[in-house]
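Per chain, numbering begins at 1; letters A, B, ... match sequence-line order. Just so we're clear, the structure is a prediction, and the values are computed from it rather than from any experiment.
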Amino acid sequence: MAAVLCRRLEGAVCTMKRSLRSWLWRVPIAHEVDEEIAFHVEMRTRELVERGMDPNTARDVAIGRLGDLAHIKRTCMDLSRKRDREMRLTQWLEELRDDVKFALRQLRSSPAFTCIAATTLALGIGANSAIFALVDATLLRPLPFHEPERLVTMWERSDTSQRSMVAPLNFLDWNERSSTFDLMAGFIPGVGGMVMDGADGTAETVPRQWVTAGFFDVLGVTAIAGRTFLPSDDSQRANVVVLSEGLWRTRFNADPTVVGRDIRLDGSAYTVVGVVPRDFQLLGRSSIWALAAINPRPALRSSYLLRVIGRLKRDVTLEAAASDMTAVTAGLAREFPQTNTGRGVTLEPMHDALIGSELRLTSLLFLGVVGIVLLICCANVANLLLARATVRTRELAIRSALGAGRRRVIRQLLTESLVLSAIGGALGVGVGAAILNIAPAVIPQGLLPAAVTLTFDLRVVAFCVAAALLVGLLFGLAPAWQATKFSSAQVIASDSRTVTGRGGSIRGVLVAAEVATAVLLLFGAGLLLRTLMAVRNVERGYGAESVLTMMVDPLGSRYPTEEALRQFFEAVEREVEVLPGVRRVAWTTTLPLGPADAGQSFFEIVGDPPVEESQRPTADYQIVSHAYFQTLDLPVVAGRVFNDRDTGDSVPVCIVNEAFVHGYLQGRSPIGLRIALRPTASPQAPAVMREIVGVAHQVKGRPDETEDLVQIYVPMAQDLVDDIYFVVRPTSGRAEGLAGSVRAAIARIDKAQLVSVRGVMTLEDVAWDATARHRFRAVMVMTFAGLALLLAMVGVFGILSYSVQQRVRDFAVRRALGATTSDVLRLVVGSAVPVIAVGAVLGLVLSTVLGRLLGSMLFGVQPLDPMTFAFVTIMLTLTAAVSMAGPAWRATRIDPAVALRSK
Amino acid sequence: MPQKTPSALLYGALDALILKTLARGPRHGYAVARFIEDTTGDAVLVEEGSLYPALYRMERRGWVEAEWGTSELGRRAKLYRLTDAGRAQLAAELATWRRFSAGVSKVLFAR
């Protein structure tokens with residue numbers, strides 16, 4: 001046992017000696033190897049001499065027996081070096097492990113500091129990672145297609161427009177005649193709907209995009225079941241469709257036998273040829289792609305319908321393709337002078353076309369802003385760390401005196417910072433994921449193009465890791481450097497009071513800047529919040545509480561005459577009106593606060609002096625059924641509503657709204673006046689003379705419109721369209737409950753399933769969508785304002801606790817000399833207030849500028865709104881008070897006896 | 001001159017021989033070579049060119065430890081000593097050798 005112990009001890013001592021030597025003295029390895037070999041040779045020589053050999057011969061033999069000396073030396077040196085390296089590595093790792101354990105212990109011992117610092121970092125890193133996801137989606141990530149840099153979008157160029165749609169016959173010729181493109185394909189932009197046989201007998205409307213045969217080949221998308229379109233489909237003009245994976249899974253349960261089967265769409269049979277993967281949604285979020293076979297009718301050379309995409313041949317530049325295409329279009333212009341003169345082509349890389357440069361710039365801007373926020377977080381945490389580091393100066397000085405060396409101590413402090421930032425980074429991943437989760441709900445439709453999908457993937461996590469590392473180094477370096485600056489003797493000998501940290505003024509400036517930013521953002525948030533509230537509460541003009549709406553769109557080809565259409569609408573009305581829970585129903589082409597499908601119409605008041613063509617006034621043209629005004633509780637303030645006597649054979653009538661009366665009638669009574677309505681401004685366009693029979697109450701077109709919307713209502717009996725909104729008012733309760741029964745009623749009328757019913761929502765939802773942008777802006781700015789306020793709070797807390805710590809003896813002496821608690825409080829608060837005040841004033845001054853900048857986004861609130869100023873001041877005061885509370889409390893608790901005795 | 005054992009056979013056994021030699025106490029490289037030669041009666045001549053690389057390799061693996069000390073001559077010499085890991089390795093090598101030589105013997109000396 002003793003022997004084993006002795007051996008162990010010897011072994012340990014040996015290791016220590018060896019490691020010490022290799023660490024501190026680094027005896028050249030070559031030396032050692034030489035010496036060892038020399039010794040061996042000497043010993044062997046002696047042995048041989050003892051055996052009777054001649055000394056010189058003996059030496060030669062001895063060396064000869066060793067063989068290739070150089071090789072031995074090289075091998076041994078190499079092995080030795082490797083061994084030393086490995087030893088150093090294990091040592092380094094051990095030290096690292098110790099540092100991390102120590103750091104964790106330190107962090108655990110001051111939970112408040114750890115929480116605040118980690119939260120600050122988490123918020124900063126999380127926000128940055130969310131914006132990075134945006135930058136990644138717009139700038140960094142390539143499009144998810146095969147070799148996306150070869151993809152090009154193509155438009156026709158004419159004298160009036162740089163980018164206009166392409167005529168199908170032109171597209172065919174481009175495809176055939178170009179030499180720089182592998183393949184081109186076209187698609188009709190915009191996603192329509194097709195009515196598909198519902199499994200339960202109801203009709204389901206699915207989004208559908210028309211594409212040409214080469215569409216999927218150009219993009220390099222392969223089907224996950226079946227195939228995509230072939231040229232033979234095109235030449236046979238087959239009715240074929242490709243499904244999206246989403247539809248395949250939800251509607252057909254990923255049944256592989258769907259491929260090859262026929263499904264009924266829009267009343268006809270279409271064959272499903274394949275399914276494409278889920279990620280392929282860039283050019284329009286569609287569930288079905290239907291083949292648009294191009295019929296070579298001459299008219300198709302001048303109907304500009306298609307957007308065209310093309311895949312360049314390998315190693316062909318955009319310029320080469322552009323000149324090639326210019327030659328092709330010139331050839332077409334010569335062949336078809338009537339339609340193609342002066343029409344060229346514009347090429348653009350598909351990535352740029354899908355994601356505009358403006359969006360990319362905006363996301364970079366966001367990244368910059370959020371990056372600055374992160375830097376401020378770092379500054380804050382550095383502040384907090386500095387406060388702590390000065391307390392530990394003695395401990396660190398002792399460590400270095402014991403031989404740890406300044407670099408080792410700095411390494412240890414940096415490890416602590418990195419551990420802290422690692423915790424912050426890990427939490428930041430969670431924050432970022434949460435933000436990206438709720439982002440789609442908050443970002444209004446259409447703000448981001450379909451090509452930009454914010455996903456939280458490994459790249460974002462990698463960014464978080466990198467950010468945490470960088471941040472840890474940034475905020476850890478300064479305190480580490482600071483803390484080890486003083487010579488050990490100086491520090492150990494003195495007491496902690498004389499160790500003051502420089503850079504107090506920088507910290508003060510930093511906190512003032514944080515306060516100013518917080519004030520600025522709070523002010524902006526306040527203005528936008530008031531705008532949002534004003535916009536939500538705007539008087540809409542109609543009285544009905546909860547109304548169900550949906551778009552009803554019968555297929556034109558199956559309801560070819562107006563009569564058929566009218567009969568259909570009347571049948572639906574009759575069927576739905578008798579449903580339980582339905583009070584009234586009506587039809588309209590415009591939804592209040594929503595889309596206005598019938599567009600605008602030029603009008604002239606008969607009898608008034610004629611107006612210049614360019615000055616002709618327009619009004620929103622709305623086609624409604626008789627019951628519209630009653631259904632929505634929209635009062636008609638003069639005259640009458642439409643009734644059954646207003647038919648296609650009687651006098652054409654219309655109802656105007658109050659804005660029309662105020663704006664164009666100059667005090668005359670509107671009832672009986674006649675106006676001429678034209679769809680375009682030219683006098684040659686057919687005008688319909690209508691007599692005004694009533695005046696309706698004003699209805700808002702957009703919630704934040706500054707000018708009243710001028711509207712003209714026309715009865716459905718006198719002007720029919722084939723896609724129109726159906727509105728249903730319930731007798732009581734919520735309108736959503738009626739959705740199912742109304743759709744079933746329509747299905748009963750529409751037995752052939754040729755009617756698309758989509759966009760089922762309530763007028764409330766429509767109003768909600770109308771305020772989406774305002775809500776988005778308010779939420780964004782409020783979030784940043786909250787973040788800035790939190791950071792400012794932490795900043796104030798930081799400098800104050802640092803200053804209190806520094807002045808412990810100072811306060812203790814004062815108290816011993818008779819200062820009261822309030823005196824001490826005044827001192828403490830007095831040191832922070834100037835900084836906060838400077839920041840606040842700066843922020844308020846900047847706020848006036850901000851108010852003016854925001855001008856166009858505001859509604860119902862002045863740019864220099866006094867209430868918002870007051871709100872900001874109150875918030876700031878409260879926050880300042882909360883952040884000063886902790887250090888002030890600690891200052892008052894200083895017991896002079898204890899403080900003066902300890903060092 | 002005694003028969004020189006083919007170096008192929010020796011290669012795998014060199015480590016085991018060195019370990020066993022060091023089990024008897026710390027030695028320098030030359031002493032290891034001499035011990036093997038003396039004990040095997042010169043039937044095994046250690047390929048001296050591979051001795052030191054073998055020792056260095058074993059040191060890297062942690063089976064032996066080296067320390068500079070004073071030799072019989074009064075000169076500095078590098079002494080190698082067996083570690084606990086080395087002891088375990090020696091036991092493993094012995095077991096392997098036993099299995100190997102028993103198996104080979106069975107085939108070679110079968111009738």
Taking the side chain as every heavy atom from C-beta outward, state whether B/Y56 and A/V33 have any atom pair closer than 4.5 Å.
yes

Step by step, work out the salt bridge (Lys or Arg N to Asp or Glu O under 4.0 Å) result for A/R83 and B/E65.
CA-CA 12 Å; A/R83 183 174 164 277; B/E65 267 163 2; over 6 Å; no

Heavy-atom closest pair, residues B/P53 and A/C76
N-SG, 3.8 Å

Extract all donor-acceptor atom pairs below 3.5 Å that involve side chains of residues 53-60 of chain A and protein atoms in other chains or at least two apart in sequence.
| residue | atom | partner | partner atom | Å |
| --- | --- | --- | --- | --- |
| A/D54 | OD2 | A/T57 | N | 3.4 |
| A/D54 | OD2 | A/T57 | OG1 | 2.8 |

Run the ring-ring contact (aromatic ring centres under 6.0 Å, His included) test against B/F35 and tell me which residues pass, sequence neighbours left out.
none

Please say whether more than 12 non-hydrogen atoms of neighbouring residues, nucleotides or ligands are located less than 6.0 Å from CZ in B/R60.
yes

dist A/E86:CD -> B/R61:CZ (nearest 0.5 Å) comes out at 10.5 Å

A/L458, CG: over 12 other non-hydrogen atoms inside 6.0 angstrom
no

In residues 417-424 of chain A, what donor-acceptor pairs under 3.5 Å come from side-chain atoms, sequence neighbours left out?
| residue | atom | partner | partner atom | Å |
| --- | --- | --- | --- | --- |
| A/S417 | OG | A/L413 | O | 3.1 |
| A/S421 | OG | A/L418 | O | 3.0 |
| A/S421 | OG | A/A468 | O | 2.9 |

Separation between OG (A/S80) and CZ (B/R57), nearest 0.5 Å, reads 13.5 Å

Residues in residues 34-43 of chain A that sit under 4.5 Å from chain B, counting heavy atoms only:
A/E35, A/E36, A/I37, A/A38, A/F39, A/H40, A/E42, A/M43

